[in-house]
Protein chains: 2
Amino acid sequence: MQLNRYTDYGLRLLTYLAVLPPGQRASIDEISKVYDLSRNHINKIVHQLGKEGVIETKRGKGGGFSLARAPEQVNIADMVILLEKSMLIINCQTPTCRISPVCKLNGILLEAGSAFIDSLRKYSLADLVKDNREPLIQILDLN
Amino acid sequence: MQLNRYTDYGLRLLTYLAVLPPGQRASIDEISKVYDLSRNHINKIVHQLGKEGVIETKRGKGGGFSLARAPEQVNIADMVILLEKSMLIINCQTPTCRISPVCKLNGILLEAGSAFIDSLRKYSLADLVKDNREPLIQILDLN
DNA sequence: CTTAACCTACATTTTATTTGTATCTTCACT
DNA sequence: AGTGAAGATACAAATAAAATGTAGGTTAAG
């Protein structure tokens, strides 16, 4: 049971934006280089987060993107739900399970999935950079 | 974020064993047929659960397998941990993340993973067949 | 009008999962 | 003893999903 890299990369990207001084923009190039990740993957994530309104993107020369809200307002649970394709823990349909009409398992797993999300909901992007902004700036070469 | 089919099938199999009248044994053939699942997959699951002591397997003619403990004693959380290969929500090593030494994300996700497991821990196999043993017996053709 | 940036689409590669095939070992029953 | 039914074990193949790559389009600053 693991999150996709897509989601992982998305969270790394958001962490980057959270340490970025307000008013500054990041670029796809910059992020894929500093984290050494597939440029295309980052591209897709930026595109999605832009559409969803989490980040503000700007095209053209001198463009880039930055958080659309303060880090405190960006909840980790929401970001995981957004980035992860499916949050269904099991799929009773493929392959179809005959007992699913009377099966209690799905409900139990759904509840556990909610517990997972509820736990994440306690944190925002601000918590990711709290007390470690300095070393992050160092490592991410933001100066 | 989804459990492997292997885990899913394992839980279906355990449900079958939980409704099976005590003293009776199931066979790999029987289960893969009634659920219409890969015989080989079920084979592997039976093998693993046997090694782990969750079920008692018996070779040879008239053989088969059954729960080694009462359904009340078989916790869903334990079964998921057992069946699922990895419970790591993200992997900071592949590809290596530069900020991992100072990153808070892993801890947050670990905590959420624990919340998931803790939620499952409230249930045992007995809960899966409580109040619906009759329809399950019908559907699974156990008579 | 050139360049830097995001946008969009599609194609390819890689990996993990799932499934399949084959043979071995055990054991009950005749 | 021999036969057949059952799990044990190993390896091979197929599938699907994820990850990555390539190419060109669009926008905007200078």
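Not measured: the values here are computed from a predicted model. Naming: A, B, ... by sequence-line order, numbering from 1 per chain.
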Starting at atom [atom1] of [X], determine the distance to atom [atom2] of [N], rounded to an integer number of angstrom.
{"X": "Gln2(B)", "N": "dA16(D)", "atom1": "CD", "atom2": "C1'", "answer": "12 Å"}
{"X": "Asp29(B)", "N": "dG4(D)", "atom1": "CG", "atom2": "C1'", "answer": "13 Å"}
{"X": "Lys61(A)", "N": "dC1(C)", "atom1": "NZ", "atom2": "C1'", "answer": "11 Å"}
{"X": "Leu13(A)", "N": "dC6(C)", "atom1": "CG", "atom2": "C1'", "answer": "13 Å"}
{"X": "Ile31(A)", "N": "dA4(C)", "atom1": "CD1", "atom2": "P", "answer": "19 Å"}
{"X": "Lys58(A)", "N": "dA28(D)", "atom1": "NZ", "atom2": "C1'", "answer": "7 Å"}
{"X": "Ile42(B)", "N": "dT18(C)", "atom1": "CD1", "atom2": "C1'", "answer": "12 Å"}
{"X": "Asn91(A)", "N": "dT18(C)", "atom1": "CG", "atom2": "P", "answer": "12 Å"}

Is there a donor-acceptor pair closer than 3.5 Å between any side-chain N or O of [X] and the backbone N or O of [Y]?
{"X": "Thr15(A)", "Y": "Leu11(A)", "answer": "yes"}
{"X": "Asp8(A)", "Y": "Ile90(B)", "answer": "no"}
{"X": "Arg25(A)", "Y": "Gly62(A)", "answer": "yes"}
{"X": "Gln48(B)", "Y": "Leu82(B)", "answer": "yes"}
{"X": "Arg5(A)", "Y": "Asn91(B)", "answer": "no"}

Just so I know, are the side chains of Gln138(B) and Val102(A) near enough to count as touching, which here means a heavy-atom distance under 4.5 Å?
no

Is the phosphate of dA18(D), meaning OP1 or OP2, less than 4.0 Å from a side-chain N or O of Tyr9(A)?
no

Between [X] and [Y], what is the shortest heavy-atom contact and its length?
{"X": "Ile139(B)", "Y": "Val34(B)", "answer": "O-CG2, 4.4 Å"}
{"X": "Ser66(A)", "Y": "Gln24(A)", "answer": "CB-O, 3.6 Å"}
{"X": "Val46(B)", "Y": "Ile55(B)", "answer": "O-CD1, 3.6 Å"}

Scoring nucleotides 7-17 of chain C by protein non-hydrogen atoms under 4.0 Å (B base, S sugar-phosphate only, - none) yields BBB-------S

Out of dA6(D), dT19(C), dT20(D), which has the shortest distance to the side chain of Ser27(B)?
dA6(D)

Work out how much the helix from dC1(C)-dG30(D) to dT30(C)-dA1(D) bends between its end axes, five pairs an end, to the nearest 10 degrees.
0°

